[in-house]
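The figures that follow rest on heavy atoms only: side chains count, while hydrogens, waters and symmetry mates do not. Every chain is numbered from 1, with letters handed out A, B, ... down the list of sequences.
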Amino acid sequence: MSEKHTLSRRDFLRLTAAAATGAVMAACAPAAPSVVEVQKEVPVEKVVVQTVEVEKVVEKAVKPAGALKISLWTPASQQEMWGETMYKMTDTFNKEHEGELYVEYVYTPTTAGTQMVEKLLTNIAAGTPPECAYFDRFIVPSWAAEGSLTDITEFAAQKGIKEDDYFPFAWAEATWKGRLYCLPFDTDDRAIYYNKDHFKEAGLDPDEKAFPTSVEEFDAMAEKLTIKEGPRFKRMGFIPWSGQGWIYSYGWTWDGHFYNPDTLEVTFNDPKIVAACEWLLSYADKYGMENVESFAQAFGGEAQQPMDAGLLSMEYNGDWMIAHHKRYKPDMNYGVVPMPWPEGGRAATWAGGWSWVIPAGAPNREAGWEFISYVGAPEQVHWYCKETAHIPTQTKYAADPVYTEDPHHKVFMDLLPIANCRPPLPVGNFLWNAQVEARDLIIHGQKTPKQAMDDITTEANKQMEKYL
Amino acid sequence: MQMVSLEALRTSRMARRNLFYGVLFASPWLLGIILFTAYPVVASFYYSFTEYTVVNPVKQFVGLSNYTNLIFKDDVFRRSLYNSVYYAVFSIPLGVIVGVGIALMLNMKIKGQAVYRTIYFLPVLIPDVAMAILWIWVFNAQFGIVNTLLWQLFRINGPGWLASPMWSKPTVVLMSLWTVGQGVVIYLAGLQDVPQSLYDAAEVDGANALQKTWHVTIPMITPVIFFNLIMGMIGSLQYFTIAYVITGGDGRPGQSLFFYAMYLYRNAFAFFKMGTASAQAWILFIMVLIGTLLVFRTSARWVYYGGEEAR
């Protein structure tokens, strides 16, 4: 080999290595966690699965000269129904306040399958938060106890906003130690959706009135609805952990108590909650966890919802799915009923919902309040809830007949008075993630239900010590 | 370049000016390393002994309890550590063997050599996030191409891959081979440095191709293998992006893909536990340090530097 040849090859290699380094560095950039919100199971309230498509081009209203610019940070992407509606609300606000205020709509995804927003957290710490943020209400006490939200008790009092206007659970989640930290926005609750055509195929009575209330009958139905081809499922009757099937959901159906409201003690190891977890595990054992998980891998994304795709006959999910099915599968013939319960359990549901906050240290709190009191006002809440099939948190407006017009939504409205809410404690955020994690560990046989619930209880009560 | 003695520095105006300009021109880098590397390193060391929630500026000193809680009481910590070590133990040797193998093949003088080399390097250029999403579909148990092919070609019912706690870690180890091209480029550079004279001598002694590879090529590229081994160890213990994207951050199924760095990230940015997260970072640093030192200690026995005198 000639000297010259060797040299040029080395040069080539050096260049390649340099290019590689460059490429790797470039590759690192988009790997920042904020973009990573891609494939995950359905999180708390809304389906937050991002499709990797190019952002829709939104005509950016030009900021008029002289208007004060503030920011709204929200995990509602404009590619999803809730974000679409929220953007329209913001846009209307901007048009009505032309020349005075301009709200910039900023999408900030949540962190690692939790309801926290990393970008918001770091910006509050740095003292540069936005004026407003859209916030999952059940973690408000967690953030408020850390002093990271603005106390809006006085603002609210000036506007005449008071506790009696709201559902008690919404108000409970919005306050910490008697002070108000967010303006409650919408709420929702949960029940069983079932595909009536699948019922007919399986020879089951599709009528709502004939739907069993005992969980044993329900389990038998789920088995009947399941279609298997060799080792693979073609359709499953019910997967307890799809949709909104969290430990919270079944714990309440089994009549368990997650905490003691008087002593603020966490009681996840309530025998009834453990029994609910045993029931979850029974599905994993009966159908074979690996087969179910393989089957469920095909779910995901707002448009690949398993019921829409005909892969699942029954699902525990929230009322907003009515709007979802209307858009993505308008011809689906389905019914809604409360989740059946075991002996000693009861018809139960739980309510969540979102809220508006002013992060601590925001530069223009008055302007922030201007916006959140606008979007939190009845007309806006009404409009949002109708568009996205949610329910206002103000009792007076929730009583509007518009919410019971749809027979499906009526089921949810009838359940609302008995709705539970997640423990409004500073460890609320921890508890949420802990029960998500515990469900995964239980159904994969990594922990027994008793062990998993004991572990959560011990850890949560230890964390609570500093707040009591 | 001229060496400037300390004495000369003190006296010569020219030298002082040179020093000033030297520091001035290096200052962007110096400032960068002080602000964005040195300060965070020192601060995280301090935070690791405190309870610090990020949003609340108060840092409560708690001594070693962050460390002791993690090591003795936290089973998620142990699980995530096990996952990361598992990944390192299998992906590094496999990466070295496959990497060297491919490099040897790509070093053969055949037509289209440059094309093959490019092809093996291409996967490295794909961003991790995009790749992770592709892998999700490739290994999908029901509709993925891997299981479909296994069934159609061999009538084998493929495993659940990423859906199974038993198979999920082997699956990500397999995925890691996809980007082996990074190492291949370095091995190839190493192969160019093997002196032709050694091959000629081996030929004279009657060595066949296999013997030449084993007794000439491999010993001569051990410094490159050594380098890749250390880089691999650091990289694989920090494994994060692909598993994060595939599992949506929670390490499903059954936390079998919950890696060390993911738990660290979660403690820091989802649970307000910056103190614990800092302690985790330092434990990781110490583990990497010990691992690297161990590899260094053994290197005298198996790494051969051509320029060195035989000892």
Participant: Check each atom of A/Lys466 against the heavy atoms of chain B and say whether the ones under 4.5 Å are side chain, backbone, both or neither.
Facilitator: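 Just the side chain, heavy atoms under 4.5 Å.
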
Participant: Does some side-chain heavy atom of B/Asn140 sit less than 4.5 Å from a side-chain heavy atom of B/Asn147?
Facilitator: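 A side-chain contact is absent here, since even the closest heavy-atom pair is not under 4.5 Å.
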
Participant: Where on B/Gln60 is there a heavy atom nearer than 4.5 Å to chain A: the side chain, the backbone, both, or neither?
Facilitator: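 For B/Gln60, no heavy atom lies under 4.5 Å from chain A.
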
Participant: Between B/Gly254, B/Ala141, B/Gly251, which has the largest tally of heavy atom pairs under 4.5 Å with chain A?
Facilitator: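 Among B/Gly254, B/Ala141, B/Gly251, the one with the most close pairs to chain A is B/Gly254.
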
Participant: Answer with side chain, backbone, both or neither: which region of A/Glu146 has an atom nearer than 4.5 Å to a non-hydrogen atom of chain B?
Facilitator: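 The answer is both parts of A/Glu146.
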
Participant: Could you check whether A/Asn433 and A/Glu437, counting side-chain N and O atoms only, form a donor-acceptor pair closer than 3.5 Å?
Facilitator: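 Note: A/Glu437 and A/Asn433 side chains miss the donor-acceptor criterion.
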
Participant: At a heavy-atom separation under 4.5 Å, does B/Ala268 approach chain A through its side chain, its backbone, both, or neither?
Facilitator: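 Only the backbone of B/Ala268 comes within 4.5 Å of chain A.
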
Participant: If we define contacts as heavy-atom pairs under 4.5 Å, which of A/Leu441, A/Asp455, A/Ile124 has the most with chain B?
Facilitator: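 Of the candidates given, the most pairs with chain B belong to A/Leu441.
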
Participant: Taking ring pair (Phe, Tyr, Trp, His ring centres under 6.0 Å) as the criterion, tell me which of B/Tyr47, B/Phe61, B/Tyr46, B/Phe271 meets it with B/Tyr52.
Facilitator: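 Looking at B/Tyr47, B/Phe61, B/Tyr46, B/Phe271, the match for B/Tyr52 under the ring pair (Phe, Tyr, Trp, His ring centres under 6.0 Å) is B/Tyr47.
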
Participant: For the backbone of A/Trp143 and the side chain of A/Ser148, can you confirm whether one donor and one acceptor N or O come within less than 3.5 Å of each other?
Facilitator: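 Answer holds: yes.
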
Participant: Working to the nearest 0.5 Å, report the span between CD of A/Gln435 and CG of A/Asp440.
Facilitator: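 Answer rounded to 0.5 Å: 11.5 Å.
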
Participant: So which of A/Ala125, A/Gly361, A/Gly147 has the largest heavy-atom pair count under 4.5 angstrom toward chain B?
Facilitator: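 So the answer, after comparing A/Ala125, A/Gly361, A/Gly147, is A/Ala125.
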
Participant: If you define the side chain from C-beta out and look only at heavy atoms, does anything of B/Leu162 sit under 4.5 Å from B/Leu257?
Facilitator: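 Heavy-atom side-chain distance check passes, below 4.5 Å.
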
